[in-house]
> 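The structure follows.
Order of appearance sets the numbers: ligands from 1, and atoms from 1 within every ligand.
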Amino acid sequence: MEKNSYDFELGKIKELIKEGGARRVGLQLPEGIKTVATDIAAKISKETGAGVIISGSSCYGACDIDEKLERNVDLLFHFGHSETFSFKKRKPVLKEKKVFFIELRSGVDVKPVVEKAIAEIKGDTVGLVATVQHVHALKEAKMLLARFGKKAVIGKSRLKYDGQVLGCEFSSAVVPCDEILFVGSGSFHPAGLALYTGKRVIAADPFTMQIGVYEADELRKKRYIAIERALDAKSVGIIIGMKSGQFNLSGAIDLKKKAVGKGLGAYLITMDEISEDKLLGFKVDAFVNTACPRLVEDFTHFKKPVISIKEFEVVLGERRWEDCFVL
Ligand code: SF4
């Protein structure tokens with residue numbers, strides 16, 4: 001990740017601290033840019049006089065506000081994500097607004113990597129999407145694609161910006177198109193886009209200039225195998241994610257009732273982070289993840305199957321497996 005190409009909006013942060021008379025502030029950064037946390041903390045502290053506490057906990061999405069830190073600071077700055085519906089729906093920790101999202105807009109020119117990606121595009125029309133870091137550059141990318149005879153559609157999103165996607169929110173990719181062109185880094189978003197739209201996804205990373213191609217069928221096959229492995233389970237652990245925007249107690253309780261109704265043993269298990277060593281101790285045959293809906297895809301190598309809510313409904317005979325990918 002090119003840390004220096006991001007806009008950390010330090011001017012805005014200093015203003016907010018001054019305006020709010022904040023004496024102590026918290027910083028929460030995604031994993032890839034925690035390396036600059038101490039530099040930012042030192043600058044803020046020096047230029048505003050406010051005390052700064054950095055969240056050392058993991059942070060993977062806008063769903064993941066460090067509420068323990070939020071309770072202990074006057075303002076919390078959450079970097080790398082935009083405000084989402086899960087944040088708007090949450091019960092506020094305190095009445096006054098204390099969390100500010102710093103989106104980390106990238107200053108890197110996306111045109112070179114989009115031009116490189118054109119060689120991989122087979123159809124005439126692409127759905128054009130990006131993470132929040134590059135969403136401001138989509139119109140420029142669209143004009144470039146038009147010059148090469150490709151029509152780009154930037155779809156409306158349930159998120160803050162048209163064309164924006166999250167690992168679990170792809171509404172902007174549901175547009176009439178042959179393929180999807182994703183502008184951003186990593187495989188989390190493009191793999192999810194392919195899985196849930198059923199379309200071929202070309203991923204263009206403006207930082208590394210790498211192009212990746214994700215085929216929906218291959219990814220769906222892996223999920224089918226996970227469901228198949230869970231079909232013989234006599235007991236399941238239903239995982240409740242304790243990250244603020246992932247907590248789904250009522251969904252987990254409903255699933256437990258359904259499982260027990262089908263004669264399975266079912267147990268509710270809370271977790272902050274899901275890892276194989278944390279699951280190993282539980283005497284159940286499979287796990288159902290009610291936290292981040294995308295995490296199950298990382299767990300295909302675990303000894304016991306980990307499946308999503310919809311996939312578990314397939315196991316219970318309540319859903320067709322093709323319908324697991326309904327957005
Ligand atoms: S629920 Fe998962 S995919 Fe969605 S924002 Fe949170 S970490 Fe990302």
> Going from CG on Leu10 to CD on Glu15, what distance comes out if it is rounded to the nearest 0.5 angstrom?
12.5 Å

> Is it true that Glu276 and Lys303 make a salt bridge, defined as a side-chain N closer than 4.0 Å to a carboxylate O?
no

> Counting non-hydrogen protein atoms only, what is the nearest one to atom 2 (Fe) of ligand 1? Give residue, atom name and distance.
Cys292 SG, 2.3 Å

> Does one side chain, of Glu169 or Ser171, offer a donor that lies under 3.5 Å from an acceptor on the other?
yes

> Does Glu169 approach ligand 1 within less than 4.0 angstrom via side chain, backbone, both or neither, non-hydrogen atoms only?
neither

> Quick check with a 6.0 Å cut-off and a 45 degree axis cone: is Arg200 positioned over the face of Tyr214's six-membered ring?
no

> Provide the number and element of each atom of ligand 1 under 4.0 Å from a heavy atom of Phe188.
3 (S)

> Spell out, as yes or no, whether a donor-acceptor pair under 3.5 Å connects the side chain of Arg319 to the backbone of Asp323.
yes

> Is atom 2 (Fe) of ligand 1 less than 2.8 Å from an N/O/S atom of Cys63, whether that atom is in the backbone or a side chain?
no

> In terms of residue, atom name and distance, what is the protein heavy atom nearest to atom 4 (Fe) of ligand 1?
Cys168 SG, 2.2 Å

